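So the structure is just underneath, and the comments pick up after that.
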Amino acid sequence: MAEQNELMELAKRRGFFFGSNGAYGGTAGFYTFGPEGASLKHNVESAWRDQFTVRLGNDEIEAPTIMPEAVFEASGHLDGFDDMLVECAECGESHRADHLIEDAVEGIEDAEALGVDRVEELIREHDLACPTCGADLAGEPVEDFNLMFETSIGPGSGQPGYMRPETAQGIFVEFPRLKEYARGQLPFGVTQIGPAYRNEISPRRGIIRVREFTQAELEQFIDPEEDEPPLGEVDDVEVTLYPATEQNADDGDYVDTTIGEAVEEGIIGSPWVAYYLGIAQEWYERVGVDMDRFRFRQHLSGERAHYAADCWDAESEISGNWIEIAGFAYRGDYDLTKHGEYSEDRFTVFKRYDEPITVEKAVVDPDMSALGPEFGGAAADVAEALQELADEDPEAFEGDEVTVDVDGKSYTVDTEVANFSVEEQTESGEHITPHVVEPSFGVGRTVYTLLEHGYSEDEVDGETRSYLSLAPEMAPTNVAVFPLVSNDSELVEVATEVSGSLREAGISVTYDDSGSIGRRYRRQDEVGTPFCVTVDHEGLEGDGKQTVTLRERDSATQIRLPVDDVAGELEAMLAGDRSFDELGDRYDDVATDVTTT
RNA sequence: GUGCCGGUGGUCUAGUGGUAGGACCUGAGCCUUCCAAGCUCAUGGCCCGGGUUCAAAUCCCGGCCGGCACACCA
């Protein structure tokens, strides 16, 4: 725990993140990423985009963060995101009012649907008591608490709108157009990186539970009957799984296996989910999560969201607790079906059959000049009912008359007027609703994981040193360049040139000539800069090539190499194509008296 | 949202009913040929509002923020 406090202190002091709006007293649940943190977060997002958008061949969009109420009626967030709370006047405990009623009253299973007033009544009628202290709850107000931020769109009372509670809906609602863009071909995937908002009752644990956070989500649209993931790509990826069965068992344990075996043995039900667990495993490794403090945990049955058939979380260990940093859900056709029902558009794709098929179809072509005068305003509904009847029960048209019900009234029509016939139609395909596989990542939590997993302390020459062991690709600054001492104009001049040329090469560089060389190394260690280049006198001496020293952060060891090689070697190491150790084989170590323990 | 505890320079912290010290950091200068060295100088603070009092950073009340526990986490 002491280490966590030090990390939080470092995060504030060195500008990784801090509570927002401090000048105005602060706002709970909102954090600002400082210069170092914003850079680190940006690098995480870039790495995510590289993997989940570019390498997987998906398309990225950017949707608005405010959406109208209708979207959330369809998605289920308006109802499902609500909590009814009742507070005990005696002991102050808050309870889920709907749960109390469901427990106490026979025959009520979904109290939430009853509304606040009715729930208050029920509490009074049934004399419900506080489960904690036993005091009477009758008469206590029931408060509706929705986790979505509400706003209004347009002037005046306008149209109600909400800050999106997940980026996913921005993708789902645009499906009809995205489908066009994908030329109607499944499978295709759409990604989005951006903020989402939840008005948490009680934001906690620093940056872990906040009210505004960044999600990186992929919605993979598939044909459930035909599309299969390229599991071969991740067959051998080793993962630590924590299936529901193990969580429920008394002596439950992790299952260390490979993606291929986990699918074969049915531990992971959905091959698509398994595929993305494999992809995610490799991605987390790449960005620098400590894989000994990482696992995939299956949701317990009671924990799953309304839409999820099977769901796994990626979790990282933070100060002894496991936190969710990504979720992998097989959402089925839930979202697209709902938006199809609630909206004007069609949320399906047309799936062509291998061969067109011929079907016999019962059709009616009612004589409206007869139905109109006879049934007046109901005529159109009657015609529609006739077609429905023809679909369901063609034999009903065999007699002289046929009867249909519309709004509880019976209408009898001459078969002749209905103009019934059976036609042969050619169908070249059908409209299907794609299923959705959703890997959804929390960016801020990933950033925090990298900070905590990377935070290290060791001893150099008897002094405690703290450093952030970030992956070179993720580090806010790639390399720092120093003149060994600042009162030598030649060293300063050369170091300035070196930092300029590295910047030209597209490397993120910090130049620093303030304070002793040791202090400058420590400064960079604290913000995770993986490499430091120092220009010293030795490198300028002689008639050979000019050389500089290159120091690696974690080991604090140095090598000496020609200044002309620096940019190339750094680029190779940043790309992950070369390690510092390999450099050590080709260049001379620098003899220093630094000892790291 | 409830309960308990807390809030003093950028960070960590001492302190008293009479408006505050330290350490580190930071900046300027000196020194310095590889790991937070030293010297000089400098910047910078009592969370906000109300009350009690001659006087409040200190006591009281409320708010805001934070930590922990409970509740919550679709």
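All values below come from the heavy atoms of this structure, side chains included, with hydrogens, waters and symmetry mates left out. So that the names make sense, note that chain A is the first sequence line, chain B the second, and so on, each numbered from 1. Here the structure is a predicted model, which means the values were calculated and not measured.
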| remark: Rounded to whole Å, the CD1-P distance (Ile208(A) to C73(B)) equals 19 Å

| said: Expressed as a whole number of angstroms, how long is the span from Arg520(A):CZ to C35(B):C1'? | reply: 11 Å

| Counting heavy atoms not belonging to Glu73(A), are there more than 12 under 6.0 Å from its CD? | yes

| remark: Testing C25(B), U11(B), C34(B) for proximity to the side chain of Gln558(A), the answer is C34(B)

| query | Can you find a donor-acceptor N/O pair under 3.5 angstrom joining the side chain of Ser486(A) to the base of U32(B)? | reply | yes

| field | Euclidean distance, atom CZ of residue Phe18(A) to atom P of C47(B) [Å, nearest integer] | value | 20 Å

| Given atom CD of Glu526(A) and atom C1' of C35(B), what is their separation to the nearest angstrom? | 14 Å

| query | Is the base of C64(B) touched by the side chain of Tyr24(A) through a donor-acceptor pair closer than 3.5 angstrom? | reply | no

| said: I'd like to know if Arg551(A) reaches the base of C35(B) with its side chain such that a donor and an acceptor end up less than 3.5 angstrom apart. | reply: yes

| task | Please report, rounded to the nearest Å, how far the C1' atom of C35(B) is from the CZ atom of Arg553(A). | result | 16 Å

| request: Quote, to the nearest angstrom, the C1' distance that separates A71(B) from U13(B). | output: 34 Å

| query | Could a donor-acceptor pair under 3.5 angstrom be found where the side chain of Arg522(A) meets the base of C25(B)? | reply | no

| task | Taking only the side-chain heavy atoms of Arg209(A) (C-beta and beyond), determine which of C34(B), C72(B), A36(B) contains the nearest atom. | result | C72(B)

| task | Answer yes or no: is there a donor N or O on one side and an acceptor on the other, between the side chain of Glu582(A) and the main chain of Ser579(A), under 3.5 Å? | result | yes

| Any donor-acceptor pair under 3.5 Å linking the side chain of Asp488(A) with the backbone of Leu491(A)? | yes

| What is the distance, rounded to the nearest whole Å, between atom CZ of Phe16(A) and atom P of U11(B)? | 16 Å

| query | Between C72(B) atom C1' and Leu147(A) atom CG, what is the distance in whole Å? | reply | 8 Å

| request: Take the protein atom CZ of Arg14(A) and the nucleotide atom P of G10(B), then report the distance between them rounded to whole Å. | output: 16 Å

| message | Quiz question: going by heavy-atom distance under 3.5 Å, is there a donor-acceptor pair between the base of C73(B) and the side chain of Glu200(A)? | response | no

| If you measure from the P atom in C34(B) to the same atom in G27(B), how many Å do you get, rounded? | 22 Å

